[in-house]
Protein chains: 2
Amino acid sequence: MLIGELSRRTGVHERLLRYYEKQGLLWPERAPSGYRHYQESDIDTVLRIRRLLSAGLNTETIAQVLPCIRIKAGNLVPVCPETTDDLRRQRDRLTHAIEELRASRDLLDAVIAVAPLTLS
Amino acid sequence: MLIGELSRRTGVHERLLRYYEKQGLLWPERAPSGYRHYQESDIDTVLRIRRLLSAGLNTETIAQVLPCIRIKAGNLVPVCPETTDDLRRQRDRLTHAIEELRASRDLLDAVIAVAPLTLS
DNA sequence: CTTGACTCTGACACGGATGTCAGACCCTAG
DNA sequence: CTAGGGTCTGACATCCGTGTCAGAGTCAAG
């Protein structure tokens, strides 16, 4: 599919799809005309990129992660980043943040449970 | 404590402590001189802010979350003037953020789990 | 009082992710 | 062939978190 369709189906601006390519996150095939041709699977990839970006990872880190996700998808990509240490660190960082948020939410739940009594 | 000490004890640049204040994340008392005076508890608050920021939340979102975390510290803060509807909305926001982060972390976990197998 | 460390505000700069536009090329329907 | 929409590259602009600096005020030790 062309970039316009991918943009429509993912809700991600074409500008960003080109940007992600430049950052090494996407490698669509090119027609002789220069047009980008994307696979169906690129839809998932783009959504993954968006998710990881919104989780605070930068494009460089995501570029290290994505090839391994491809492997999981079944494709036998020969290359995989060397250091999972960095990934573990990112994971731990996320875990902390999740715990942080969960504690906040639990607290909020407690407040909500009590609130009707103390407010009304 | 003054801003310099808070900066030293949290490892966060003074510039950022002032910035967080401007974004409504910190509200230190002010001496007549204009000097900021922070509480011990602000250390935890700052570390929380850092963690949430590094998890991809922006200062605006964090500003909505922080007041409810204060309650946990034991203070019966008369702030939090929101109705329970607002609280529920915040809770839902938190839930959504948590799900987002958890999906990202699970993704990382999957990558980490696969990586060693394909490397050795 | 003087000195030096600390703080204040305000401004400019920067990098990363994103928005937008211009000018040129490609492609398909008529 | 033509027209109109899709695509290309490249440049400039914006937002947010952060770095850094200048100039002025504060404060405590000597």
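- Smallest separation of non-hydrogen atoms from A:Leu25 and A:Thr59: CD2-O, 3.4 Å.
- Remark on the helix from C:dC1-D:dG30 to C:dG30-D:dC1: inter-end axis angle 10°, axes from five-pair C1' superpositions, rounded to 10°.
- Side chain of B:Ser7 to main chain of B:Ile3: no donor-acceptor pair is present (N/O by atom type, distance under 3.5 Å, no hydrogens or angles).
- Neither OP1 nor OP2 of D:dG19 sits under 4.0 Å from any side-chain N or O of B:Tyr19.
- Of the listed residues (A:Gln39, A:Arg8, A:Arg36, A:Arg9), just one forms a side-chain contact (heavy atoms from CB on, under 4.5 Å) with A:Met1, and that residue is A:Arg9.
- Taking atom CZ of A:Arg30 as the reference point, atom P of C:dC27 lies 13 Å away to the nearest angstrom.
- Within a heavy-atom distance below 4.0 Å of DNA chain C, the residues of residues 5-17 of chain B found are B:Glu14, B:Arg15.
- In terms of position along DNA chain D, the nucleotide closest to B:Leu57 lies nearer the 5' end than the nucleotide closest to the other residue of the pair B:Arg18 and B:Leu57.
- Within the nucleic acid shown, B:Arg36 comes within 4.0 Å of sugar-phosphate atoms alone, with no base atom in reach, counting heavy atoms only.
- When the C1' atom of C:dT18 is taken as reference, atom CD of A:Glu21 falls 17 Å away, rounded to whole Å.
- In this structure, CD of B:Glu29 is placed 17 Å from C1' of C:dT7, rounded to the nearest angstrom.
- Whole-Å rounding puts the A:Lys22 NZ to C:dT18 P distance at 15 Å.
- Counted by atom type alone, A:Asn58 and A:Thr61 present one or more donor-acceptor pairs between their side chains at under 3.5 Å.
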Is there any protein nitrogen or oxygen under 3.5 Å from a nitrogen or oxygen in nucleotides 24-26 of chain C, and what are the pairs?
| residue | atom | partner | partner atom | Å |
| --- | --- | --- | --- | --- |
| C:dC26 | O2 | A:Tyr35 | OH | 3.2 |

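- Distance B:Ile49 CD1 to D:dC16 C1': 15 Å, rounded to the nearest Å.
- The number of heavy atoms from other shown groups lying within 6.0 Å of NE2 (A:His37) is above 12.
- Here the shortest heavy-atom pairing between A:Gly24 and A:Ala63 reads O-CB, 4.3 Å.
- Between atom OG1 of residue A:Thr95 and atom CZ of residue A:Arg88 there is a gap of 12.0 Å, rounded to the nearest 0.5 Å.
- Note: CD (A:Glu60) to P (C:dG15) measures 14 Å, nearest angstrom.
- Side-chain atoms of B:Leu2 lie closest to C:dT7 of the nucleotides C:dA17, D:dC8, C:dT7.
- C:dA5 atom C1' lies 15 Å from atom CD1 of B:Ile3, rounded to whole Å.
- Across the protein-nucleic acid pair, A:Gln23 atom CD and C:dA17 atom P stand 6 Å apart, rounded to whole Å.
- At a threshold of 4.5 Å between non-hydrogen side-chain atoms, the residues A:Val12 and A:Tyr20 count as touching.
- Taking CD1 of B:Ile49 as the start and OH of B:Tyr19 as the end, the distance is 11.5 Å to the nearest 0.5 Å.
- Of the two residues contacting DNA chain C, namely A:Tyr20 and B:Tyr38, the nearest-nucleotide position lying further toward the 5' end is that of B:Tyr38.
- Rounding to the nearest 0.5 angstrom, the gap separating the CG atom in A:Leu53 from the CG atom in A:Leu16 is 9.0 Å.
- Comment: B:Glu21 does not engage B:Arg18 in a salt bridge, judged by the lack of any side-chain N to carboxylate O separation of less than 4.0 angstrom.
- Rounded to the nearest 0.5 Å, atoms CD (A:Glu40) and CG (A:Asp42) are 9.0 Å apart.
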